[in-house]
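Report on one structure; see the data block that follows.
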Amino acid sequence: LSIAEALDLAVQATGDPTLTAGDVLVPATPRELMLRVLANLASAYEKRGDVKRQLRVVSDQIELAPADARLLARRGELRARQDDVAGGLADLNSALCRLPAGLAFDRVRENARLLARLRESEN
């Protein structure tokens with residue numbers, strides 16, 4: 001895309017005709033670029049239903065962004081789907097310590113409760 005085409009796409013997407021190229025064309029750091037590539041890869045694996053590979057990619061994302069509670073919660077869900085209840089619960093609980101109150105927090109808390117019950121029933 002040319003700069004003008006990219007700017008036009010941003011204006012169309014946001015509805016803000018006052019955007020400038022400097023507003024929307026911000027260079028990505030190597031870390032941000034890698035996180036984007038990994039997010040695309042995780043999405044592709046999710047569409048295929050390949051939980052094992054998706055889990056590996058999300059774990060790689062966490063290595064690059066360890067403070068991202070959303071990624072921790074996603075890995076917890078994926079670990080649980082791979083029958084790693086203890087690991088899934090640990091990730092969900094770590095995510096809960098970092099997430100602000102809201103819908104995402106409530107969803108993760110409910111998933112953690114379900115996994116805790118499952119873990120208790122296994123013992």
Look up atom [atom1] in [X] and atom [atom2] in [Y], then write down how far apart they are to the nearest 0.5 Å.
X: Met34; Y: Thr29; atom1: CE; atom2: OG1; result: 12.0 Å
X: Gln54; Y: Lys52; atom1: CD; atom2: NZ; result: 14.0 Å
X: Leu19; Y: Thr14; atom1: CG; atom2: OG1; result: 4.5 Å
X: Arg56; Y: Tyr45; atom1: CZ; atom2: OH; result: 6.5 Å

State yes or no: do [X] and [Y] share one hydrophobic cluster built from I, L, V, M, F, W and Y residues joined by side-chain heavy-atom distances below 4.5 Å, directly or via other members?
X: Leu35; Y: Ile62; answer: no
X: Val108; Y: Leu71; answer: no
X: Leu114; Y: Leu118; answer: no

Are any non-hydrogen side-chain atoms of Asp91 and Arg79 less than 4.5 angstrom apart?
yes
Could you tell me if the side chain of Lys47 sits less than 4.5 Å from the side chain of Ser43, heavy atoms only?
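Yes, at least one pair of side-chain atoms sits under 4.5 Å.
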Is it the case that over 12 heavy atoms from other parts of the model lie below 6.0 angstrom from the CD1 atom of Ile3?
no
Tell me if the CZ atom of Arg98 is crowded by more than 12 foreign heavy atoms within 6.0 Å.
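Count over threshold, so yes.
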From the options Leu115, Val58, Asn111, select the one residue that forms a side chain to side chain contact (heavy atoms under 4.5 Å, CB included) with Glu77.
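With Glu77 as partner, side chain to side chain contact (heavy atoms under 4.5 Å, CB included) holds for just one option, Asn111.
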Give the minimum heavy-atom separation between [X] and [Y], together with the two atoms involved.
X: Ala73; Y: Leu92; answer: O-CD2, 3.5 Å
X: Ala95; Y: Leu72; answer: CB-CB, 4.0 Å
X: Leu96; Y: Ala112; answer: CD1-CB, 4.1 Å
X: Leu38; Y: Val57; answer: O-CG1, 3.2 Å
X: Asp84; Y: Gly87; answer: OD1-N, 2.8 Å
X: Pro17; Y: Val11; answer: CA-CG1, 3.9 Å

Is a side-chain donor-acceptor pair under 3.5 Å present for Thr20 with Asp23?
yes
Check whether any side-chain N or O of Arg31 sits under 3.5 Å from a backbone N or O of Leu64 as a donor-acceptor pair, and report yes or no.
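Between the backbone of Leu64 and the side chain of Arg31 there is a qualifying donor-acceptor contact (under 3.5 Å).
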Begin from the C-alpha positions of Leu55 and Arg75 and carry the test side chain to side chain contact (heavy atoms under 4.5 Å, CB included) through to its verdict.
CA-CA 6 Å; Leu55 176 58; Arg75 185 173 71 179; 3.5 Å; yes
State whether Arg107 and Glu110 are salt-bridged, where the test is any N-O pair (Lys NZ or Arg NE/NH1/NH2 against Asp/Glu carboxylate O) under 4.0 Å.
no
Evaluation steps, salt bridge (charged side-chain N to carboxylate O under 4.0 Å, His left out), between Asp50 and Arg48
CA-CA 5 Å; Asp50 192 337; Arg48 292 183 198 161; 5.6 Å; no
Pair Arg74-Glu46, salt bridge (charged side-chain N to carboxylate O under 4.0 Å, His left out): steps then yes or no:
CA-CA 11 Å; Arg74 185 67 186 133; Glu46 181 176 21; 3.6 Å; yes
